[in-house]
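The structure under discussion appears below in the form of structure tokens.
Values below: all heavy atoms of this structure, side chains included; hydrogens, waters and symmetry mates excluded.
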Amino acid sequence: MNSTKLTLTVFTLIASSTLCSAAEAPKAPAATATKGEKPPASPGWIIVEEEVWRPLRFEPLRSLDMARSHYRRNEESAAANEIDKATSWLKLAESTASPADKEKLTSVASELSTLAKDIRSGDIVAAEKLDGELGKAAQALAGWHYSRAKDAQGKNNDADAGHDLELAAAYLQHAANSAHVEFGPDVQEVITRTYRHGKLTSESATVQHDNLGKDLQQIEKAIHDLGEQMVKAAKVAKS
């Protein structure tokens, strides 16, 4: 995305706090509008400035955190609502993902939907199971943002690559916390630099192309390693 105030079309959060999938969402009207102008009204869509959109990218992370927090306070209905929100964001990501990322996002979204239904029906869901499902969702989102960052880097758009790398690091940390996994010092250094200190959150921040490439390699390795550890942990839990 350009750093200018570019209007973006995003899905409206409906009363149930879910988003329509791209396939079901109403299409934007055919009438044209110049950059920065609001197109003709269309039900189900809102127009926001780019500066507003950037914080919204963290909404799935917030929903995953809140789901865990509500469930541990025995607030099952609120937890299920937050899981529904996260599921909707996963479906939105799925609509723009590569085939490999799409398959994982679709699977995780389905599992989260089932989890929310189980919680609402009064089924007892172990905290470990909840953490595992939320962790898989965060890991899938990390992979999606990594792919976007990799694609942006290939187009020499280091600013966009940096923003998606920041998000990949954020979701990776959440997934690692859910799975009770600690990263090695190299990966942790990248996560700390891009996420906790927010060096890439400012529009005026610059990203060194060579450093970005190294960071992407570390994030890719972390996504792969975390995925393997989560699979092993799931097998142990079933045995």
Side-chain angles (χ1 to χ4, degrees), residues 1 8 10 19 50-70 82-83 85-94 96-98 101 104-105 108-109 112 130-153 157-207 211-227 229-230:
M1 292 184 290
L8 298 175
V10 296
L19 293 166
E50 182 177 354
E51 288 79 5
V52 180
W53 168 248
R54 291 201 183 281
L56 287 177
R57 299 178 305 165
F58 287 97
E59 280 300 301
L61 184 65
R62 179 183 180 279
S63 292
L64 294 173
D65 281 332
M66 292 300 295
R68 178 190 290 122
S69 177
H70 283 306
E82 293 298 336
I83 292 173
K85 291 181 186 179
T87 302
S88 295
W89 285 102
L90 282 162
K91 291 179 178 178
L92 181 58
E94 173 192 331
T96 63
S98 65
D101 289 330
K104 188 164 189 177
L105 289 164
V108 171
L112 281 187
L130 181 79
D131 283 349
E133 298 295 343
L134 298 181
K136 285 192 290 184
Q139 201 246 1
L141 285 166
W144 177 62
H145 279 293
Y146 163 79
S147 295
R148 287 169 55 89
K150 186 76 172 177
D151 183 60
Q153 184 207 25
N157 192 339
D158 290 351
D160 281 1
H163 286 297
D164 273 298
L165 178 65
E166 173 195 15
L167 285 158
Y171 288 110
L172 261 180
Q173 186 62 68
H174 184 284
N177 292 342
S178 296
H180 308 292
V181 170
E182 292 186 6
F183 292 117
D186 292 340
V187 172
Q188 193 60 56
E189 191 275 333
V190 172
I191 290 177
T192 298
R193 174 157 38 82
T194 60
Y195 171 38
R196 293 180 183 167
H197 298 334
K199 287 190 176 181
L200 301 178
T201 59
S202 170
E203 289 295 320
S204 61
T206 58
V207 180
N211 291 339
L212 178 62
K214 295 176 182 177
D215 288 350
L216 281 168
Q217 289 179 357
Q218 290 294 339
I219 292 298
E220 180 183 28
K221 181 178 184 300
I223 292 172
H224 178 267
D225 291 348
L226 179 60
Q229 293 186 62
M230 292 174 74

Flag side-chain contact, heavy atom, 4.5 Å: [X] against [Y]:
{"X": "Trp89", "Y": "Glu59", "value": "yes"}
{"X": "Leu61", "Y": "Leu167", "value": "no"}
{"X": "Gln188", "Y": "Gln173", "value": "yes"}

Using only atom types and a distance under 3.5 Å, with no angle test, would you say the side chain of [X] pairs donor to acceptor with the backbone of [Y]?
{"X": "Tyr146", "Y": "Ile219", "value": "no"}
{"X": "Ser69", "Y": "Asp65", "value": "no"}
{"X": "Gln153", "Y": "Asp158", "value": "no"}
{"X": "Asp151", "Y": "Ser147", "value": "no"}

List the atom of [X], the atom of [Y], and the distance in Å for their closest heavy-atom pair.
{"X": "Tyr171", "Y": "Leu141", "result": "CE2-CD1, 3.8 Å"}
{"X": "Val108", "Y": "Lys136", "result": "CG2-O, 3.9 Å"}
{"X": "Ile223", "Y": "Ala142", "result": "CD1-O, 3.7 Å"}
{"X": "Ala161", "Y": "Ala152", "result": "N-CB, 3.6 Å"}
{"X": "Leu226", "Y": "Gln139", "result": "CD2-CG, 3.9 Å"}
{"X": "Trp144", "Y": "Ala93", "result": "NE1-O, 3.5 Å"}

From [X] [atom1] over to [Y] [atom2], what is the distance, rounded to the nearest 0.5 angstrom?
{"X": "Leu216", "Y": "Asp164", "atom1": "CG", "atom2": "CG", "result": "10.0 Å"}
{"X": "Met66", "Y": "Leu134", "atom1": "CE", "atom2": "CG", "result": "12.5 Å"}
{"X": "Leu165", "Y": "Asp215", "atom1": "CG", "atom2": "CG", "result": "5.5 Å"}
{"X": "Glu133", "Y": "Leu112", "atom1": "CD", "atom2": "CG", "result": "6.5 Å"}
{"X": "His163", "Y": "Asn157", "atom1": "NE2", "atom2": "CG", "result": "9.0 Å"}
{"X": "Leu105", "Y": "Thr96", "atom1": "CG", "atom2": "OG1", "result": "8.5 Å"}

Checking [Y] against [X]: is there a side-chain donor and acceptor pair closer than 3.5 Å?
{"X": "Asp225", "Y": "Gln229", "value": "no"}
{"X": "Ser178", "Y": "Arg68", "value": "yes"}
{"X": "Glu189", "Y": "Gln218", "value": "no"}

(message) Regarding Glu94 and Lys91, does a basic nitrogen lie under 4.0 Å from an acidic carboxylate oxygen?
(response)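 Judged by the 4.0 Å cut-off on N to carboxylate O distance, Glu94 and Lys91 do not form a salt bridge.
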